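Here's the structure we're looking at; comments come further down.
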Amino acid sequence: MSSQLITPELRHWIIDQAEAGHAADTVLAAMMASGWEEGVALDALEEVMLARAAQLQAGAGRVPELVSNGAAELWVHDKAVKVLVQVKSPRVVVLGDFLSPEECQALIEMATPRMARSQTVVNATGGSEVNEARTSQGMFFGRGENELCSRIEARIAALLNWPVENGEGIQILRYAPGAEYKPHFDYFDPAQPGSSAILKRGGQRVGTVVMYLNTPEAGGATTFPDAGLDVHAVAGQAVFFAYGLPHPSSKTLHGGAPVLKGEKWVATKWLREQAFE
Ligand code: PD2
Ligand code: ZN
């Protein structure tokens, strides 16, 4: 079996079937019903499941992943969303029209009275504190706090085939001119003593969606130094990235570059391995 025949969509579909508890026979029958020749389908099944077993043994869990039919525009829950750029390693997807102009504006308006200097989680203790690496202001909505948050959460869940319950509440950040978020990883460093307390609630973070609520006049890109990638902040667009292992080898080091002119507003959604209650 040439792995070139196994598209990422097929690979995910096979893994999803297995994880949903369907027997190999049932999956094979479904593949044959959609036109696969038996021997080829069997080889593909075996190859995907062996690779998956090796991945799990290496400690990598399931991660959120774009549900795609390969089209440049996808219908996601309640909205047409554009797939603008995809990077395989690190896994990064840039999306267009992810939020409507009205949704961006409403998030900014609802967040404005609740903004305070951003804090970051202190991995050593599990607490949080103001951090010089993060000169933005921010607030958190509770998950499902209002109809708009629920709608966006459902859209993200559908986009990435990831349960709404495994998501943290949406965070809003505002960067004034000169403000930045220095490069960091979003996962919790398992080696830090404070991480075990954080991980009890929902497990590791495995994916991030940063949604841009406005277009700064200059600066403010989300940078991925290990991938040589800068994603410009454009109102309504979003960048999704996933990290199967909480390790720098995920190449998901990323930062918010200084805003040079105007301000920058983003909404961030972090996705956990398990239900975040
Ligand atoms: O605002 C950004 O571009 C940005 C960059 C890096 C946001 C985050 N990280 C985050 O919220 O984790
Ligand atoms: Zn981040």
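Quick caveat: nothing in here was measured; it's all calculated off a predicted structure. By convention here, the first residue in the shown sequence is residue 1.
Closest non-hydrogen pair, Ser195 versus Asp189, comes out as OG-O, 2.6 Å. Across all non-hydrogen atoms, the minimal contact from Pro64 to Ala242 is O-CB, 3.8 Å. Across all their heavy atoms, Ile170 and Ala267 have their closest contact at CG2-CB, 3.8 Å. When every heavy atom of Leu245 is checked against every heavy atom of Ser250, the shortest pair comes out as O-CB, 3.7 Å. Closest heavy-atom contact between Pro258 and Gly178: CB-O, 4.3 Å. Shown here for His77 and Ala158, the closest heavy-atom pair between the two residues is CB-CB, 4.0 Å.
Formation of a donor-acceptor pair under 3.5 Å by the Asp230 side chain with backbone atoms of Thr223 is not found in this model. Put simply, the side chain of Glu273 gets close to the backbone of Gln204: a donor and an acceptor are under 3.5 Å apart. Listed for the Glu153 side chain is a donor-acceptor partner under 3.5 Å among the backbone atoms of Gly144. Using modelled atom types, no side-chain atom of Asn161 and backbone atom of Val67 make a donor-acceptor pair closer than 3.5 Å. At least one donor-acceptor pair under 3.5 Å links the side chain of Lys269 to the backbone N or O of Glu168. When atom types are taken as modelled, the side chain of Lys264 and the backbone of Val259 share no donor-acceptor pair closer than 3.5 angstrom.
At least one side-chain heavy atom of Glu180 sits under 4.5 Å from a side-chain heavy atom of Lys182. Counting heavy atoms from C-beta outward, Tyr187 and Pro248 have side chains that approach closer than 4.5 Å. You'll find the side chain of Leu66 reaches within 4.5 Å of the side chain of Arg91, heavy atoms only. Under the 4.5 Å side-chain criterion, counting only non-hydrogen atoms from C-beta, His254 is not in contact with Val210. A heavy-atom distance below 4.5 Å is not found between the side chains of Val209 and Val239. In this structure, Val266 and Leu173 have side chains that are in contact, with non-hydrogen atoms separated by less than 4.5 Å. Between Phe98 and Leu84 the shortest side-chain heavy-atom distance does not fall below 4.5 Å. You'll find the side chain of Ile172 stays beyond 4.5 Å of the side chain of Met110, heavy atoms only.
Clustering ILVMFWY residues whenever any of their side-chain heavy atoms sit less than 4.5 angstrom apart, transitively, puts Val83 in the very cluster that holds Leu99. Following chains of ILVMFWY side-chain contacts shorter than 4.5 Å, one can reach Leu253 starting from Val231, so the two form part of one hydrophobic cluster. Residues Leu28 and Ile14 are members of one and the same hydrophobic cluster, defined by side-chain heavy-atom contacts under 4.5 angstrom among Ile, Leu, Val, Met, Phe, Trp and Tyr. Residues Leu42 and Met32 share a hydrophobic cluster, clusters being chains of Ile/Leu/Val/Met/Phe/Trp/Tyr side chains in contact below 4.5 Å. Hydrophobic clustering places Met49 together with Val27 (ILVMFWY residues linked when any side-chain heavy atoms are closer than 4.5 Å, directly or through intermediates).
Salt-bridge annotation for Glu145 and Arg114: present, with a side-chain N of the basic residue lying under 4.0 Å from a carboxylate O of the acidic one. Using a cut-off of 4.0 Å between Lys/Arg side-chain N and Asp/Glu carboxylate O, Glu277 and Arg143 are scored as salt-bridged. The pair Glu103-Arg155 meets the salt-bridge criterion, since a charged nitrogen lies less than 4.0 angstrom from a carboxylate oxygen.
Relative ring orientation between Trp270 and Phe140 is described as tilted, the plane-to-plane angle lying within the 30° to 60° band.
By the ring-ring contact (aromatic ring centres under 6.0 Å, His included) test, His247 pairs with no residue at all, sequence neighbours left out.
Atom-to-atom distance recorded for Asp97:CG and Leu74:CG is 11.5 Å, nearest 0.5 angstrom. With rounding to the nearest 0.5 Å, the separation of CD1 in Ile108 from CG in Leu213 is 5.0 Å. Taking CZ from Arg151 and CD1 from Ile156, the interatomic distance works out to 12.5 Å, rounded to the nearest 0.5 Å. Considering CE of Met211 and CG of Leu95, their distance stands at 10.5 Å, rounded to 0.5 Å. The distance from atom CG of Leu10 to atom CE of Met31, rounded to the nearest 0.5 Å, is 5.0 Å. The distance from the CG atom of Leu107 to the CD atom of Gln105 is 9.5 Å, given to the nearest 0.5 Å.
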message: Is there a side-chain contact (heavy atoms from CB on, under 4.5 Å) between Phe141 and Leu148? Walk through the geometry before answering.
response: CA-CA 11 Å; Phe141 288 108; Leu148 177 56; over 6 Å; no
- request: Determine, step by step, whether Val206 and Trp162 satisfy the side-chain contact (heavy atoms from CB on, under 4.5 Å) criterion, reporting the C-alpha distance in whole Å, the side-chain angles of both residues, the deciding distance to 0.1 Å, and the verdict.
  value: CA-CA 11 Å; Val206 287; Trp162 204 252; 3.7 Å; yes
- prompt: What's the verdict on side-chain contact (heavy atoms from CB on, under 4.5 Å) for Arg205 and Phe276, showing C-alpha distance, side-chain angles and the deciding distance?
  reply: CA-CA 10 Å; Arg205 285 179 176 162; Phe276 181 79; over 6 Å; no
message: Evaluate Val93 against Leu159 for side-chain contact (heavy atoms from CB on, under 4.5 Å), listing each step before the verdict.
response: CA-CA 11 Å; Val93 182; Leu159 178 83; over 6 Å; no
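A distance of 6.0 Å or more separates the ring centres of Tyr243 and Phe185.
No side-chain donor from either of Ser100 and Lys79 sits under 3.5 Å from a side-chain acceptor of the other.
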